[in-house]
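Here's the structure, in structure tokens; my notes come after.
Residue numbers start at 1 and run along the sequence shown. Since we're looking at a predicted model, the values are computed, not measured. Values below: all heavy atoms of this structure, side chains included; hydrogens, waters and symmetry mates excluded.
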Amino acid sequence: MSYSNTDLQNLQEFYQNQLLNDTVPFWFPRSIDTEYGGYLLMRDQDGSLIDDDKAVWIQGRAAWLLATLYNTVEPKQEWLEGSKSGIDFLNKHCFDVDGQMFFHVTRDGLPIRKRRYYFSETFAVIAMSAYAKASGDEAAAEKARFLFGKCIEYSTVPGLLEPKFTSTRPSKGIGVPMIMMNTAQQLRENIGDPRCDEWINKWIAEIEHDFVKDDIKCVMEQVAPDGSIIDHIDGRTLNPGHAIEGAWFILHEAKYRNNDPHLIALGCKMLDYMWERGWDKEHGGILYYRDVYDKPVQEYWQDMKFWWPHNEVIIATLLAYTMTGDEKYAKWHKMVHDYAYEKFHDDENGEWFGYLHRDGSIAQTAKGNMYKGPFHLPRQEWYCLQILNEHLKNV
């Protein structure tokens with residue numbers, strides 16, 4: 001199958017409507033904490049609060065979303081002010097005395113937990129860069145660039161952060177080059193930074209050389225430092241949705257570089273490999289974990305359907321289709337889009353449920369928790385809208 005221009009126009013209208021009349025209104029303005037700043041995002045299916053703690057990751061992600069909507073959809077003052085609430089909360093409460101960020105704080109900003117990696121910082125970078133573009137706040141721009149530099153240090157200087165594992169079986173994950181690449185892309189596109197292109201090249205090269213395995217048609221989640229497969233349970237565990245997220249980051253970079261053919265081929269190859277491994281041929285949807293050699297996976301949620309992999313695959317397949325015209329990607333996009341909006345979407349209250357059993361039944365009703373909030377779904381709808389706006393303008 002392929003998409004006609006009318007089909008693409010209908011998709012464009014659908015994503016715009018879902019984003020602005022369904023997803024964003026579920027979260028805002030009610031999630032803005034007018035007493036302490038930041039956002040109250042741990043919510044049940046009807047929007048009622050189930051916990052008033054704050055996950056620092058998601059504070060940054062929500063601030064990024066609101067500033068990005070302001071920058072790209074409509075300059076609504078409420079979105080700008082909402083983003084500022086999150087930025088101010090991050091600056092006031094979410095940095096420890098050593099400069100590293102917390103992971104989990106109370107509603108009023110008292111620290112609960114700090115983790116041994118720097119993803120809170122990466123989301124602060126994209127939030128502050130988007131807010132700086134929206135507001136013209138030079139201090140936010142400087143902080144975004146400073147934190148980006150800290151993230152580079154954390155990722156390259158041994159011993160800056162306490163290691164999670166001993167040196168007995170060294171490994172590295174695809175998450176670091178992936179998230180750093182996308183952080184750099186957001187920083188570059190919002191406010192610019194001369195370091196971004198060089199570092200993006202390095203992270204793409206690391207993914208291509210160490211994680212993409214052409215001989216077994218796979219993208220590894222974790223490898224040894226030299227890129228070899230670690231034949232233990234953790235080393236064999238794949239996360240298809242995560243790898244496909246990395247694929248669309250690379251396709252995004254290809255588009256930025258005037259449709260670089262090598263990067264298009266790399267991104268599409270990653271998507272192809274992990275669609276084959278991740279798509280549930282019996283029930284539909286993307287399986288959460290797989291084993292590279294089809295052995296049993298350790299985590300008991302391995303065959304559940306989580307919301308966010310579907311968001312990433314919706315983006316990747318639409319981007320691949322609009323960049324290549326390959327009808328296979330239109331077919332895949334329709335399959336994952338139809339599955340996700342049928343199974344995850346809450347017709348009564350808006351937004352998506354986060355967690356389904358393998359057969360597509362709802363596992364639990366939370367719309368927001370320590371890991372789910374206004375990010376993957378609204379980013380998907382927003383980004384698909386950007387893809388289609390640009391594509392339809394050029395046909």
Minimum heavy-atom distance between Glu245 and Trp308, given as atom pair plus value: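 So the two residues come closest at OE1-CZ3, 4.1 Å.
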About how many Å separate [atom2] of [Y] and [atom1] of [X], when rounded to the nearest 0.5 Å?
X: Trp203; Y: Ile179; atom1: CH2; atom2: CD1; answer: 11.0 Å
X: Ile200; Y: Ile250; atom1: CD1; atom2: CD1; answer: 11.0 Å
X: Met270; Y: Ile207; atom1: CE; atom2: CD1; answer: 5.5 Å

Checking [Y] against [X]: is there a side-chain donor and acceptor pair closer than 3.5 Å?
X: Asp347; Y: Tyr341; value: no
X: Ser4; Y: Asp7; value: yes
X: Gln59; Y: His93; value: no
X: Glu221; Y: His242; value: yes
X: Gln386; Y: Asn389; value: no
X: Asp52; Y: Tyr36; value: no
X: Thr72; Y: Trp382; value: yes

Below 4.0 angstrom, N of the basic side chain to O of the carboxylate: do [X] and [Y] qualify?
X: Arg257; Y: Glu253; value: yes
X: Arg358; Y: Glu282; value: yes
X: Glu351; Y: Arg43; value: no

What pairs of donor and acceptor atoms, side-chain ones from residues 149-161 against any protein atom, are under 3.5 angstrom apart with sequence neighbours left out?
unit_1, atom_1, unit_2, atom_2, d
Ser155, OG, Cys151, O, 3.3
Ser155, OG, Ile152, O, 2.9
Thr156, OG1, Ile152, O, 2.7

Parallel, tilted or perpendicular: rings of Tyr15 and His337 (30°, 60°):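 Perpendicular, since the angle between the ring planes exceeds 60°.
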Whether Tyr117 and Trp57 hold their rings parallel, tilted or perpendicular, with breakpoints at 30° and 60°: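 Tilted, since the angle between the ring planes falls between 30° and 60°.
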Heavy-atom donor-acceptor pair, Ser85 side chain to Gly38 backbone, under 3.5 Å: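 Checked: pair present.
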